[in-house]
There are 2 protein chains.
Amino acid sequence: MRYHKIPSETIKRLPVYLRGLVLLCNKEVGRVSSKVLAELVGINPWQIRKDFSYFGGFGTRGVGYEIDELIGQIKKILKIDRVHKTALVGVGHLGQAVLAYPGFVGYGFTIAAAYDNDPEKIGKVIDNIRIEPIKNLKKLDKRDIEIGIIAVPFQFAQIIADQLVEAGVKGILNFAPAYITVPKKVKIISIDFALDLACLPYYLNSK
Amino acid sequence: MRYHKIPSETIKRLPVYLRGLVLLCNKEVGRVSSKVLAELVGINPWQIRKDFSYFGGFGTRGVGYEIDELIGQIKKILKIDRVHKTALVGVGHLGQAVLAYPGFVGYGFTIAAAYDNDPEKIGKVIDNIRIEPIKNLKKLDKRDIEIGIIAVPFQFAQIIADQLVEAGVKGILNFAPAYITVPKKVKIISIDFALDLACLPYYLNSK
DNA sequence: AGATGTGAAGTCTTTCACAGCC
DNA sequence: GGCTGTGAAAGACTTCACATCT
């Protein structure tokens with residue numbers, strides 16, 4: 001295989017493959033073909049093969065892919081073959097949904113700290129995490145936490161992002177509906193589900 | 001302007017512009033240039049102008065864009081210049097986050113019905129919505145609801161989707177971490193934040 | 001002058017078609 | 001025979017550069 005820059009779209013699909021493969025894994029099927037995986041995850045078989053080919057290919061011609069091995073390879077590429085500690089800021093409904101979300105552990109994430117402003121919540125333990133006041137964010141850099149999760153109202157998102165960067169996180173997942181900026185060294189991913197929902201009516205067949 | 005197919009990426013950016021424009025709108029600034037808007041939303045000015053040009057262009061050369069008019073145009077394109085009724089299925093943490101989410105109203109959505117399985121929740125009123133048992137989903141088609149929102153555990157996502165389609169929704173927003181299929185006439189948008197988070201470690205600068 | 005609108009160039013991504021291997 | 005891996009073609013999207021208008 002020659003060197004190729006890996007398309008960011010390929011990276012985005014890898015977790016989708018992983019999600020499907022884990023389902024198969026639990027069913028004691030040893031192998032899978034690109035065709036079967038394709039139907040399971042809703043992506044074309046040639047797209048799947050092309051994606052894997054960027055990494056040299058993981059399968060055996062005429063046979064298919066060994067599920068366990070494929071899972072391992074994808075996790076390694078995404079660097080989720082080890083645990084990443086995250087800190088959650090904002091323990092409202094969304095924050096609690098994140099705390100309770102089973103998917104996180106499966107992808108190798110743990111929530112190691114949670115912060116909120118509300119005196120009612122501070123000190124309480126939710127899903128095994130004690131909620132701390134936001135001012136404790138400053139001490140975060142002592143704890144080896146790589147990722148910050150922002151689940152606060154949009155007005156505070158930028159300030160919290162700044163504090164997380166200050167505290168040394170290398171990546172941020174932002175749920176607040178705001179555009180926030182961070183230094184280049186920090187990677188940020190924003191999710192605002194209103195933005196996605198807002199596109200839906202455009203596609204609706206209005207009879 | 002000649003006919004052009006409008007890129008789906010352009011459609012995705014329109015709500016981002018809208019989010020920025022609404023911020024400006026509240027500040028009593030009458031006009032905005034692509035350059036200023038660009039900085040506010042984090043998208044290149046030429047990209048913004050190109051996007052608008054697919055619809056014929058909304059600005060005045062040498063001057064800029066009239067904010068109110070631009071907001072109106074974007075809402076019209078996205079068909080969110082009128083109210084869309086939605087039905088929420090699953091009132092756990094995520095569902096409640098959706099119920100409380102202020103952004104929805106701003107984009108022209110109302111939650112007109114909410115369903116859950118939990119006897120503890122059924123009958124209760126949360127954010128002005130009375131929670132109904134899931135079996136009531138069948139009667140949904142009487143209520144002029146266009147969009148279903150799925151916020152149930154992944155095992156039930158497909159079944160609920162089928163029921164929503166049966167009940168006549170034209171679009172679905174799915175938060176369950178599962179690939180679900182619907183008839184072609186129904187548009188589905190899925191959000192699984194674990195998928196996005198899973199990409200983050202790949203981009204982290206590990207020193 | 002200053003900002004938009006847009007063809008054309010450039011880049012990235014998907015799709016195809018088939019060689020290569022089990 | 002069946003399925004993977006991959007160069008090449010096709011397609012989609014972004015960026016550029018500048019003509020155009022106020």
Side-chain angles (χ1 to χ4, degrees), chain A residues 1-17 20-21 24 29-74 77 199 202-203, chain B residues 1-17 20-21 24 29-74 77 199 202-203:
Chain A
M1 169 201 143
R2 289 207 260 105
Y3 172 79
H4 278 109
K5 191 184 172 298
I6 290 146
S8 64
E9 297 298 313
T10 292
I11 298 299
K12 279 191 208 159
R13 279 187 295 266
L14 293 181
V16 179
Y17 301 145
L21 288 165
L24 286 177
V29 193
R31 280 196 283 262
V32 68
S33 68
S34 58
K35 186 158 173 269
V36 170
L37 183 58
E39 276 169 25
L40 189 68
V41 300
I43 294 173
N44 294 327
W46 51 82
Q47 181 73 80
I48 294 177
R49 295 202 299 275
K50 187 66 160 181
D51 284 341
F52 292 165
S53 84
Y54 289 115
F55 308 98
F58 303 131
T60 311
R61 294 177 197 223
V63 178
Y65 302 90
E66 203 71 34
I67 294 174
D68 287 345
E69 197 210 313
L70 193 47
I71 290 175
Q73 293 281 8
I74 293 176
I77 293 165
C199 293
Y202 177 82
Y203 295 101
Chain B
M1 167 204 145
R2 287 208 260 106
Y3 173 79
H4 276 110
K5 189 183 172 299
I6 290 148
S8 63
E9 296 298 313
T10 292
I11 298 299
K12 279 192 209 159
R13 279 187 294 266
L14 292 181
V16 179
Y17 301 146
L21 289 165
L24 285 177
V29 192
R31 281 196 282 263
V32 68
S33 68
S34 59
K35 187 159 172 269
V36 170
L37 183 58
E39 276 170 25
L40 189 67
V41 300
I43 294 173
N44 293 328
W46 50 83
Q47 180 74 80
I48 294 177
R49 295 202 300 273
K50 186 66 159 183
D51 284 340
F52 293 165
S53 84
Y54 288 116
F55 308 99
F58 303 130
T60 311
R61 296 182 196 221
V63 178
Y65 302 90
E66 203 72 33
I67 293 174
D68 288 344
E69 196 209 313
L70 193 47
I71 288 175
Q73 293 281 6
I74 293 176
I77 293 165
C199 293
Y202 177 83
Y203 294 102

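Contact between the side-chain N/O atoms of A/Ser34 and the OP1/OP2 oxygens of D/dT4 is found at a separation under 4.0 Å. Note on A/Asn44: a side-chain N or O is less than 4.0 Å away from OP1 or OP2 of C/dT15. Within the structure, every side-chain polar atom (N or O) of B/Ser53 is placed at least 4.0 Å from both OP1 and OP2 of C/dG7.
Looking only at side-chain heavy atoms (C-beta outward), B/Lys12 and A/Tyr202 stay at 4.5 Å or farther from each other.
To the nearest angstrom, P of C/dT4 lies 14 Å from CD of B/Glu69. To the nearest angstrom, C1' of C/dC12 lies 14 Å from CD1 of A/Ile11. When the P atom of C/dC12 is taken as reference, atom CD of B/Gln47 falls 14 Å away, rounded to whole Å. B/Glu66 places its CD atom 14 Å from the C1' atom of D/dT22, with the value rounded to the nearest Å. Residue B/Lys5 contributes atom NZ, which lies 15 Å from atom C1' of D/dA10 at whole-angstrom precision. Spacing between atom CG of B/Asp51 and atom P of C/dT6 amounts to 13 Å, rounded to whole angstrom units. With rounding to whole Å, A/Trp46 atom CH2 is found 5 Å from C/dC16 atom P. Atoms NZ (A/Lys12) and C1' (C/dT14) sit 14 Å apart, rounded to a whole Å.
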Decide side-chain contact (heavy atoms from CB on, under 4.5 Å) for A/Ile77 and A/Tyr54; before the verdict, give the C-alpha distance in whole Å, the side-chain angles of both, and the deciding distance to 0.1 Å.
CA-CA 11 Å; A/Ile77 293 165; A/Tyr54 289 115; over 6 Å; no
Go through the steps to decide whether A/Ile48 and A/Asp51 satisfy the test side-chain contact (heavy atoms from CB on, under 4.5 Å), and finish with yes or no.
CA-CA 5 Å; A/Ile48 294 177; A/Asp51 284 341; 5.7 Å; no
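Among C/dT14, D/dG5, D/dC13, the nucleotide with an atom closest to any side-chain atom of B/Ser8 is D/dC13. In the set D/dT6, C/dC22, D/dT14, D/dT14 carries the atom at the smallest distance from any side-chain atom of B/Glu9. Distances were taken from every side-chain heavy atom of A/Tyr65 (C-beta onward) to each of C/dT4, D/dT15, D/dT4; the shortest belongs to D/dT4.
For the atom pair CG of A/Leu37 and CD of A/Glu39, the computed distance is 10.0 Å after rounding to the nearest 0.5 Å.
Between A/Phe52 and A/Tyr17, the ring-plane angle classifies as perpendicular under the 30° and 60° cut-offs.
When heavy atoms are screened at a 4.0 angstrom cut-off, A/Arg13 is found touching the sugar-phosphate backbone but no base atom. Within the nucleic acid shown, B/Phe58 comes within 4.0 Å of sugar-phosphate atoms alone, with no base atom in reach, counting heavy atoms only. Base engagement by B/Lys50 is indicated by at least one non-hydrogen atom pair under 4.0 Å involving a base atom.
No hydrogens or angles were tested; on distance alone, a donor-acceptor pair under 3.5 Å links the side chain of B/Arg49 to the base of C/dG5.
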